[in-house]
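Chain A is the first sequence line, chain B the second, and so forth, proteins listed ahead of strands; every chain is numbered from 1.
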2 protein chains.
Amino acid sequence: MDDPPSAPRLRIRVIFGDAGMVGPGKAELLEGIARTGSIAAAGRDMGMSYKRAWQLVETMNDMFREPLVLRTRGGAKGGGAEVTPTGQTVLAEYRALQAAAGKAGSAYVDRLQSLLKTPAPQD
Amino acid sequence: MDDPPSAPRLRIRVIFGDAGMVGPGKAELLEGIARTGSIAAAGRDMGMSYKRAWQLVETMNDMFREPLVLRTRGGAKGGGAEVTPTGQTVLAEYRALQAAAGKAGSAYVDRLQSLLKTPAPQD
């Protein structure tokens with residue numbers, strides 16, 4: 001909530017035809033699972049139901065040759081979850097794509113912004 | 001429908017904070033209006049209700065300092081619509097952004113794709 005409220009940003013979804021897609025929601029969920037060690041907690045941080053978070057994890061695990069998230073059984077709260085090396089790679093490639101696309105697109109974004117009625121502040 | 005069914009592509013939304021957003025739907029609608037001269041026809045081509053197409057046009061017209069679409073009154077079917085020079089500029093900048101981001105991101109997309117269970121064909 002401390003981000004500048006109106007700095008422009010790109011929201012990028014990579015669509016692999018029938019093979020599925022990777023976008024901001026899956027990336028944020030992977031990051032949350034890596035941070036919290038829990039699918040439920042990661043989903044909660046995103047205002048997402050446990051069921052929805054689980055569905056996203058299953059979708060991601062089914063898309064790739066290796067699972068991106070593994071459940072770690074046992075423990076006081078019925079076990080947690082961890083992001084696999086493949087999951088870390090997918091997340092890193094997506095974040096690098098975001099950064100590269102944002103850099104390449106910044107001049108176009110600036111020109112679009114200059115046409116707005118209420119131009120957002122530069123960051 | 002003749003596109004390769006599974007070639008990866010980027011879907012990019014530019015989010016201008018509280019000032020609104022520009023993405024594939026608005027771009028496609030602008031293109032449709034330019035092509036058909038009609039908001040209704042452009043929306044129909046996208047499987048969109050007339051109401052929804054009009055709402056999108058009003059949102060776009062409110063976002064920018066100049067309207068992107070103008071109604072042209074009169075004519076046999078109650079008048080059409082045209083994309084203004086500002087609308088053409090917005091569309092061109094968005095398409096150029098897409099192209100630049102796609103080019104900058106292609107190596108990352110390729111690496112993500114190589115991790116898929118069913119890699120989509122290269123195009």
Is a side-chain donor or acceptor of B/Arg65 paired with a backbone partner of A/Ser114 at a separation under 3.5 angstrom? yes
CE of A/Met21 to CZ of B/Arg9: how many Å apart, nearest 0.5 Å? 7.5 Å
With a 4.5 Å cut-off on side-chain heavy-atom distances among I, L, V, M, F, W and Y, is there a chain of contacts connecting A/Trp54 to A/Val22? yes
Which portion of B/Arg111 sits near chain A, non-hydrogen atoms under 4.5 angstrom: side chain
Group every Ile, Leu, Val, Met, Phe, Trp and Tyr by side-chain heavy-atom contacts under 4.5 Å, then state whether A/Tyr50 and A/Val83 land in the same group. yes
Measure the shortest side-chain to side-chain distance between A/Val14 and B/Tyr108 over non-hydrogen atoms and say whether it is less than 4.5 angstrom. no
Nearest-0.5 Å distance, CG of residue A/Leu91 to CG of residue B/Leu112: 10.0 Å
If we define contacts as heavy-atom pairs under 4.5 Å, which of B/Leu115, B/Ile12, B/Thr86, B/Thr89 has the most with chain A? B/Leu115
Selection from A/Ala92, A/Gly20, A/Ala96 maximising heavy-atom pairs under 4.5 Å formed with chain B: A/Ala96
If you count heavy-atom pairs under 4.5 Å with chain B, which of A/Ser106, A/Gly105, A/Ala100, A/Gly102 comes out on top? A/Ala100
Single-linkage hydrophobic cluster, 4.5 Å side-chain cutoff, B/Leu56 and B/Met46 together: yes
Please step through side chain to side chain contact (heavy atoms under 4.5 Å, CB included) for the pair A/Phe16 and B/Thr118, ending with a clear verdict. CA-CA 10 Å; A/Phe16 297 105; B/Thr118 53; over 6 Å; no
Does some side-chain heavy atom of A/Ile15 sit less than 4.5 Å from a side-chain heavy atom of B/Leu10? no
In short, B/Lys117 meets A/Asp62 closest at the heavy-atom pair NZ-O, 3.0 Å
